[in-house]
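As the structure lists them, so they are numbered: ligands from 1, and atoms in each ligand from 1. Just so you know, these numbers come straight off a predicted model, no measurement behind them. Index from 1, following the sequence.
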Amino acid sequence: MSLHSHPAYPNFHLVEHPLVAHKLTLLRDKNSNKKLFKELVHEVTLLLAYEATANLPLITTRIETPLEAADMPVIAGKKSVILPILRAGLGMVDAFLSLMPGARVGHIGMYRDEETLEPHTYFFKIPPSCHERIAFILDPMLATGGSTSAAITRLKAAGLSRMKLVCLLASPEGVERISVDHPDVKIFSAALDRELDEHGYIRPGLGDAGNRLFGTR
Ligand code: URA
């Protein structure tokens, strides 16, 4: 698997791997049904999680193998926290939990005020002592980046300082927004798409991730 940071956005990491590329194409295909879409989101997220967790700190602990005592690495510090942005981020949670079953899970719900276009938080429930944990924010579609940026601002106000943003797809506008507002937050994505359209959809994109995951319209 190779990981490239973007020349213009040093905090943006494109996760490149033939399996990611192949599964992403299936995700984009409008003929992929809800069941397949959900499975593909899970599988691509597993591969993204592999990269997003690559520099988790390790400490050494002493264990007994059946043959001898040995000093071996384990992940240091408190369990990570997984923070899906509702609702499409929910589709990425199980992949992270399957790799890190002890991780805590918080939920963040955002909506955009139709008149002011300002993002608002309607739900914010994070586990205690989050400020001591490494956080993985799950937001499959980094579109304008407005509500994601607002969510990160809110998380910083709650004391979190070590956050990574994990997306399936990103738009240049969204990456720019997070890079400017939160240059300390690394973004991991399976693709950087061409543009945002006038309705806020990522192009070529994959459509509405929440609708495709949950079968709503
Ligand atoms: N949210 C989606 O689900 N899809 C987009 O293309 C943009 C935002």
Side-chain angles (χ1 to χ4, degrees), residues 6 9 12-15 20-21 23-49 52 82-96 107-124 136-155 164-182 185 187-217:
H6 193 281
Y9 310 114
F12 179 78
H13 297 279
L14 189 61
V15 176
V20 173
K23 289 173 190 296
L24 196 53
T25 299
L26 294 175
L27 266 176
R28 293 181 189 278
D29 189 336
K30 69 175 186 183
N31 295 315
S32 296
N33 66 21
K34 175 174 163 292
K35 177 175 185 289
L36 178 59
F37 190 86
K38 183 168 182 281
E39 288 165 1
L40 289 165
V41 169
H42 180 83
E43 290 164 9
V44 173
T45 307
L46 281 173
L47 296 164
L48 294 173
I82 302 166
L83 300 169
I85 308 274
L86 301 178
R87 86 192 138 127
L90 292 174
M92 301 171 78
V93 172
D94 283 351
F96 267 82
H107 294 89
I108 302 167
M110 311 285 303
Y111 73 93
R112 198 154 69 131
D113 185 295
E114 295 291 323
E115 280 176 15
T116 64
L117 302 183
E118 287 298 312
H120 288 278
T121 312
Y122 67 86
F123 191 79
F124 188 83
F136 297 91
I137 301 165
L138 310 184
D139 193 4
M141 309 297 283
L142 181 59
T144 64
S147 51
T148 313
S149 175
I152 296 171
T153 301
R154 176 87 192 253
L155 289 163
K164 295 168 201 283
L165 173 60
V166 185
C167 319
L168 299 176
L169 289 187
S171 73
E173 293 85 344
V175 173
E176 171 84 32
R177 179 73 189 260
I178 301 299
S179 301
V180 168
D181 293 357
H182 302 289
V185 175
I187 307 166
F188 294 83
S189 180
L192 179 60
D193 271 12
R194 190 182 65 241
E195 62 186 358
L196 268 191
D197 70 14
E198 66 276 22
H199 305 293
Y201 279 96
I202 299 175
R203 297 283 184 132
L206 53 73
D208 186 304
N211 281 346
R212 294 193 66 188
L213 267 172
F214 299 114
T216 49
R217 254 183 210 282

Undergrad: Does Phe214 have Arg87 sitting over its ring (NZ/CZ under 6.0 Å from centre, angle to axis within 45°)?
TA: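 No, cation not above the ring by the 6.0 Å, 45° rule.
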Undergrad: Quick check: closest heavy atoms across Gly146 and Pro119, and the distance to 0.1 Å?
TA: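 In this case the closest contact between Gly146 and Pro119 is O-CG, 3.7 Å.
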Undergrad: Rounded to the nearest 0.5 Å, what's the gap from OG on Ser171 to CZ on Arg203? Could you check?
TA: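 CZ of Arg203 is found 13.0 Å from OG of Ser171.
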Undergrad: Can you tell me which residues line ligand 1 if we count any heavy atom under 4.0 angstrom from one of its atoms, in chain and number order?
TA: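 Those residues closer than 4.0 Å to ligand 1 by some heavy atom are Met141, Ala143, Gly200, Tyr201, Ile202, Gly207, Asp208, Ala209.
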Undergrad: Should Phe37 and Leu27 count as side-chain neighbours, where that means a heavy-atom distance under 4.5 Å?
TA: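 Counting from C-beta outward, Phe37 and Leu27 do come under 4.5 Å.
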Undergrad: Where do Thr148 and His182 land on the side-chain contact (heavy atoms from CB on, under 4.5 Å) test, with the steps shown first?
TA: CA-CA 10 Å; Thr148 313; His182 302 289; over 6 Å; no
Undergrad: Answer yes or no: is there an ion pair linking Lys35 with Glu39, defined by an N-O contact shorter than 4.0 Å?
TA: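 So Lys35 pairs with Glu39 through a salt bridge.
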